[in-house]
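Heads up, the thing below is written out as structure tokens.
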Amino acid sequence: MAHTDVVVTGLGATTPLGGDVASTWDAMLNGQSGVSALTPDWAEQLPVRIAAQLAVDPAELLDRVKLRRLDRSEAIAIIAANQAWADAGLADSGLDPERLGVSVGSGIGGALTLLAQDDILEASGPRRVSPHTIPMLMPNGPAAWVGLELGARAGVHCVASACATGAEAITLGLDMIRAGRADVVVAGGTEAVIHQLPIAGFSSMRAMSTRNDEPEKASRPWDKARDGFVLGEGAGAIVLERADHAAARGARVYARLAGAGITSDGYDIVQPHPEGAGAVRAIAKAIADADIDRGDITHVNAHATSTPVGDLAEIKALRQALGDHPVLTATKSMSGHLLGAAGALESIATILAIRDGVVPPTINLDDPDDGLDLDVAANKARHLEIPAALNNSFGFGGHNVALVFTRA
Amino acid sequence: MTRDEITTGLAEILEEVAGVTPDDVAEGKSFTDDLDVDSLSMVEVVVAAEEKFGVKIPDNEVQNLKTVGDAVSYIEAQS
């Protein structure tokens, strides 16, 4: 069945590498790390004392009184969405709000608010708990705030699939436009949980890097010395638009979102399937959905988080689903792992790789693991013709999402 | 504490909680209609006022506090 053509007309992000898309992309192409030491007192007792913290604090961009009502994850979702909206030239376009949707997810939600208000509850009693607590911590809060900012009335949705959230939110946006429920959807993900409890939880799983003495070298997908992921915070948003709608208003088009594939492992709550079986099926579905030849995909922005098991399972899946021709990268080596925002930020990197014909590097890949038998743009950006590219995202719970973007 | 001192104290709270310009705060002003304080922010104002002035403002009293002057009178009578 021929699908409605959907294109990307706007990008927005605030990340550990920069306060917007341009600075983030520059930092990626230059192989910069966004990881640094955690300086709060609470970090001292933790086994992990590094993180990829936002380059620009939301307090520099949003009004103080407004910020009192926003969880950090909501504030940065608004910032990213507003950037994408302006970038798409939709601000004064006369778009019917009833044709505008929002799909913005978060992996964990308003945990910083929950924890801060619990401190207040314990110290001062229930009457001191903020009346803004619930709208700040509810998982749909970021999507709802973005919808309010933009006046979206075609539906505001919150997807939650752990580290696949951002990518799955984008697939929901694609579905909304294909189903005729919206002409434009602002889609993406947000995460801001750099706090001792989430870090303690992830480190109790032995999932995080403890390379505290060398923060910039801690995130090292596919390297033999990798020892876990580095927690990052940030938000990414893309504007999806029906292609004929974009053409009618003369919009600049970055790329097409040609296809998407979603599967679930049905295997383990946190362990990836060792052969990446669910990932293989997701990639195959995305290629079929895009109706392209797998040979057209010359670049993959991999999920690769720098964990010992996951990185290699994905390599096996890619080899099986795509073959050995694409040039891979893992931009988490620079940005850290933005959890629910990862799929959004990495979609933006994938889209810009297509536009600019360049694969951003995987930094810290000094001693490739024996199981890495595919081509990676190690430590240096690489120029490449990219007619089509794949972005993978996987999440705790066995969620697998593959997105195929093609040249506009 | 004089009425003016209570008004000034409320103005400080309103600025912190709701971004109200202190010069706009006067006894005749309505919290919702003139100062744009919504219901959730009003809860914050009440809790902060209890702390600042050492009074109790029960929820069933809050609905009677339409203007800054109403609040000043209530706080003056309690303190």
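Letters go in sequence order (proteins before strands), and every chain restarts at 1.
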Notebook entry, point to check: Among side-chain atoms of A:Arg69 and B:Ser41, is any donor-acceptor pair under 3.5 angstrom?
Noted result: yes
Margin query: Which atoms of B:Val46 are under 4.5 Å from chain A, going by heavy atoms: the side chain, the backbone, both sets, or neither?
Written below: side chain
Notebook entry, point to check: Any chance CD of B:Gln78 has more than 12 other-residue heavy atoms, nucleotides or ligands included, within less than 6.0 Å?
Noted result: yes
Margin query: For B:Val17 versus A:Val65, what's the shortest heavy-atom pair and its separation?
Written below: O-CG1, 3.6 Å
Next item on the list: Decide, yes or no, whether a salt bridge links A:Arg127 with B:Glu51 under the criterion of side-chain N to carboxylate O below 4.0 Å.
Entry: no
Notebook entry, point to check: Does B:Gly19 offer a backbone N or O that forms a donor-acceptor pair with the side chain of A:Arg64 under 3.5 Å?
Noted result: no
Check: Can you check salt bridge (charged side-chain N to carboxylate O under 4.0 Å, His left out) on A:Arg128 and B:Glu44, steps first, answer last?
Finding: CA-CA 9 Å; A:Arg128 292 286 181 276; B:Glu44 289 190 281; over 6 Å; no
Notebook entry, point to check: In terms of heavy-atom contacts, does CZ of A:Arg153 have more than 12 from other residues, nucleotides or ligands at under 6.0 Å?
Noted result: no
Checklist line | Contact origin within B:Glu50 toward chain A - heavy atom pairs under 4.5 Å | finding: side chain
